[in-house]
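Presented below is the structure to which this report refers.
Each residue takes its place number in the sequence, starting with 1.
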Amino acid sequence: MDEEFWLNRWERRETGFDQQAVNGNLPRFWPTLGIAAGDPVFVPLCGKSVDMRWLRAHGHPVVGVELSPLAVASFFAENHLVPERSRQGKLEVSEAGGIRILRGDFFDLTAEAVAQVRAVYDRAALVALPPALRERYAAHMAAILPPGTPMLLVTLDYPQEQMEGPPFSVPPDEVERLYGRRGSVRRLACESILADEPRFAERGVTALHECAFHVTPMV
């Protein structure tokens, strides 16, 4: 799965992962991270997620990274914001209303770009990656974030053989494997959502759980 795959998904508007409402785990579990209003939050592979608006409305400056220029332009247009544009290294920067989105490859993101971040919200990044990229993703996240930055992580868990991702199944034991040795992983919830996701059932999935985790890296 490469850059062209995701750019084409956005061009063809094959964006079923783009939720129209705030993910319920965000207001439910965000307080468990214990960060203050005003602390900046990092949202990897952010697309044009409405969750960024929720975070901003609760006082957090938001830093996102997204590959698709269409997704970035759509986010600001749909929120009636006119962004200022600049560059940071290999990434194009669009910023308005306390939301800063860096357009480009996540793996080109530097520690400088997220130096002020105090928490991470990952709903759509880890589940977008095939198994071969997840270790690299977790390692890069650990390398660039300030030490001890907590994360609210949301994943999906379903029989992977029943459907080709993305979104991919990332079961709790894999979350523990990726992040447990780098810190602590606390499962907050793991609930069946198949009845609310008919597109999965239509593709033959017989069980689907959405799981939320509080991940605290080592300082």
Side-chain angles (χ1 to χ4, degrees), residues 1-3 5-6 9 14-19 23-26 28-30 32-33 41-47 49 51 64-67 105-109 114 117 119-197 199-201 203-219:
M1 188 176 307
D2 56 18
E3 187 172 308
F5 173 88
W6 287 109
R9 286 281 295 261
E14 296 174 357
T15 55
F17 50 83
D18 183 40
Q19 297 182 343
N23 184 277
N25 291 292
L26 180 54
R28 182 181 177 188
F29 295 121
W30 188 250
T32 69
L33 270 62
V41 176
F42 177 46
V43 183
L45 281 62
C46 63
S49 172
D51 293 348
V65 64
E66 169 56 40
L67 183 64
D105 190 330
F106 167 81
F107 294 107
D108 287 332
L109 199 65
V114 293
V117 161
V120 177
Y121 173 61
D122 178 349
R123 180 196 70 79
L126 189 61
V127 296
L129 300 175
L133 275 180
R134 291 176 200 155
E135 178 60 40
R136 183 185 173 199
Y137 168 81
H140 188 64
M141 188 83 82
I144 63 175
L145 287 170
T149 303
M151 173 168 58
L152 177 60
L153 170 65
V154 180
T155 66
L156 297 174
D157 183 14
Y158 65 89
Q160 188 67 83
E161 68 276 7
Q162 293 181 349
M163 188 186 88
E164 182 179 357
F168 293 97
S169 176
V170 184
D173 60 347
E174 183 168 5
V175 174
E176 180 64 37
R177 181 185 66 79
L178 289 169
Y179 292 109
R181 68 179 182 276
R182 297 182 170 97
S184 65
V185 176
R186 179 160 63 98
R187 191 187 313 185
L188 302 170
C190 211
E191 298 171 347
S192 176
I193 61 168
L194 187 61
D196 301 320
E197 294 287 349
R199 64 195 176 100
F200 282 83
R203 295 176 65 180
V205 173
T206 58
L208 174 66
H209 290 80
E210 186 175 65
C211 303
F213 303 87
H214 180 170
V215 178
T216 305
M218 292 180 290
V219 176

Between His209 and Leu156, is any pair of side-chain heavy atoms under 4.5 Å apart? no
Without hydrogens or angle criteria, can the side chains of Asp122 and Tyr137 be said to hold a donor-acceptor pair below 3.5 Å? yes
Evaluate whether atom CZ of Arg177 has more than 12 neighbouring non-hydrogen atoms of other residues, nucleotides or ligands under 6.0 angstrom away. yes
Tell me every residue that passes side chain to side chain donor-acceptor pair (under 3.5 Å) with Arg182, counting only those two or more places apart in sequence or in another chain. Glu135
Would you mind reporting whether Val120 and Pro44 have side-chain heavy atoms less than 4.5 Å apart? yes
Scanning both residues in full, the closest heavy-atom pair of Cys190 with Pro172 reads SG-CG, 4.4 Å
Please examine the side chains of Val117 and Val41, heavy atoms only from C-beta on, and report whether any two atoms are closer than 4.5 Å. no
Ile193 backbone acceptor or donor facing Glu210 side chain under 3.5 Å: no
Under 3.5 Å: donor-acceptor pair, side chain of His140, backbone of Leu109: yes
Within this structure, what is the CG-CE distance for the pair Leu153 and Met141, rounded to the nearest 0.5 Å? 8.5 Å
Run the salt-bridge test on Arg28 and Glu191 with the 4.0 Å N-O cut-off and return the result as yes or no. yes
Hey, what's the ring geometry for Phe106 with Phe42, parallel, tilted or perpendicular (30° and 60° as the breaks)? parallel
Pairwise distance CZ(Arg123) to SG(Cys46) - rounded to 0.5 angstrom: 11.0 Å
Minimum heavy-atom separation for Ala207 and Tyr158, please, with both atom names. O-CB, 3.1 Å
Less than 4.5 Å apart, side chain to side chain, heavy atoms only: is that true for Val154 and Phe29? no
Can you name the residues that form a salt bridge (charged side-chain N to carboxylate O under 4.0 Å, His left out) with Arg186, not counting sequence neighbours? none
Give, for atom CZ of Arg203 and atom CG of Leu208, the distance between the pair rounded to the nearest 0.5 Å. 11.5 Å
If you measure from CZ on Phe213 to CE on Met151, what distance do you get to the nearest 0.5 Å? 10.0 Å
Can you confirm whether Glu161 is buried at CD, in the sense that more than 12 heavy atoms of other residues, nucleotides or ligands lie under 6.0 Å from that atom? yes
Residues Thr206 and Pro159: closest non-hydrogen pair is OG1-CG, 4.4 Å
When rounded to the nearest 0.5 angstrom, what is the spacing between CG in Leu45 and CG in Leu126? 10.0 Å
Using atom types as modelled and distance alone, determine if a side-chain donor or acceptor of Asp105 lies under 3.5 Å from a backbone N or O of Leu67. no
Once side-chain contact (heavy atoms from CB on, under 4.5 Å) is applied, do any residues pair with Val127, and if so which ones, sequence neighbours excluded? Thr155, Pro167, Val170
Heavy-atom closest pair (Thr32 atom, His214 atom, distance to 0.1 Å) is O-CE1, 3.1 Å
So Ser169 and Pro171, do their side chains get closer than 4.5 Å, heavy atoms only? yes
Determine whether a donor-acceptor pair (N or O, by modelled atom type, separation under 3.5 Å) exists between the side chain of Glu176 and the backbone of Tyr179. no
Min side-chain heavy-atom separation Asp51-Val43 under 4.5 Å: no
Chi angles and distances behind the side-chain contact (heavy atoms from CB on, under 4.5 Å) call for Tyr121, Leu26: CA-CA 8 Å; Tyr121 173 61; Leu26 180 54; 3.8 Å; yes
